[in-house]
Amino acid sequence: MSFSLPAVAKLNLFLHITGRRADGYHNLQTLFQMLDYGDRLHFKADNSGEITLSCSDPSLNGSDNLIYRAAQLLKPFAPAAAGCQLYLEKNLPMGGGLGGGSSDAATTLHGLNKLWQLGLSTQHLAELGLRLGADVPVFVHGTTAFAEGVGERLQAVELPEKIYLVVTPNCHISTAAIFSHPQLKRDTPTMVLADLMQRNWQNDCQPLVEQLYPIVAMTLQWLLEYAPCRMTGTGASVFAEFPDAASAQHALANLPASCQGFIARGVNQSPLWAALTDTDSNR
């Protein structure tokens, strides 16, 4: 049995840091917007009892890859002989704040649950995914969502499905370094979702990242010529909403040489769910 599944990107339409916990993690309020663009994972079952992973970017082949770690989490639920060959088509930039690694892990959990016919529930997969990272559960559930806590308390949200241009400058930003920085803003008041939806949205990490990484500030300044823009996650990717694909394409055509970019539609349900249904119908 073999099939392929998408591992889509996300945007943080806003990201508020409301406090720091005793364990060092931060309490957040954020709105995760699923996109219809991302990486792609290929799954092939075998009876080797082994998990093998290869990637279009060979630097990602190691056992510390979240894909491999997600597969290892599911192995105890499978027969001893159950094995798989996994191949990752890497399209999303690393260190961009687009959730690529977390999304890859979530797609791995769903894919191997299907490939090995484990029958685990989505909630069970999300609980396993939380061991790998706070962003993994939102990709397991696969819906645009409001998140609280460290990002694990999720509430599905229906949003207009808009066109975004996502631009990533040529730099890699460590999420851990930003969240541990003493100058990070950590005191945004907690608000209910209805009030948040009426406010101008912001990313509490953005001022610090712009200060530490001038290339991010310059990229935002460039994109601002076309549309209001802000950063996603801890960066380095920034994004702007456009009224249509042609307008976004016009901006993309003028992309600075120091950046890469793509156009995507925001979706309320990840394309992963449709792809999982297709694998059922093609079996």
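A quick note: this is a predicted structure, and the numbers were derived from the prediction, not measured. As a basis for the values below, the full set of heavy atoms in this structure was taken, side chains included, without hydrogen atoms, waters or symmetry mates.
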Under a 3.5 Å cutoff, is there a donor and acceptor pairing between the side chains of [X] and [Y]?
| X | Y | value |
| --- | --- | --- |
| Asp46 | Gln85 | yes |
| Asp204 | Thr188 | yes |
| Thr232 | Asn12 | yes |
| Gln202 | Asn200 | no |
| Asp244 | Ser247 | yes |
| Asn170 | Ser258 | no |
| Gln183 | Gln211 | yes |

Sidechain N-carboxylate O distance under 4.0 Å for Lys90, Asp39: yes

Salt bridge flag under 4.0 Å for residues Lys185 and Asp187: yes

Gln221 side-chain N/O to Thr219 backbone N/O, donor-acceptor pair under 3.5 Å: no

Exam field: side chain Ser48 to backbone Glu50, donor-acceptor pair closer than 3.5 Å: yes

Please check if the number of heavy atoms outside [X] that lie under 6.0 Å from its [atom1] is greater than 12.
| X | atom1 | value |
| --- | --- | --- |
| Lys44 | NZ | no |
| Glu158 | CD | no |
| Arg21 | CZ | yes |

Reference residue Thr144; test side-chain hydrogen bond (donor to acceptor under 3.5 Å, both in side chains); the match among Gln269, Glu161, Gln33: Gln33

Aromatic ring proximity His124/Phe77, centre distance under 6.0 Å: yes

Sole candidate of Leu276, Leu128, Leu125, Thr108 that passes side chain to side chain contact (heavy atoms under 4.5 Å, CB included) when paired with Asn113: Leu125

Residues forming a side chain to side chain donor-acceptor pair (under 3.5 Å) with Tyr37, sequence neighbours excluded: none

Residues in ring pair (Phe, Tyr, Trp, His ring centres under 6.0 Å) contact with Phe179, at least two apart in sequence or another chain: His26

Distance (rounded to the nearest 0.5 Å) between Phe14 CZ and His16 NE2: 6.0 Å

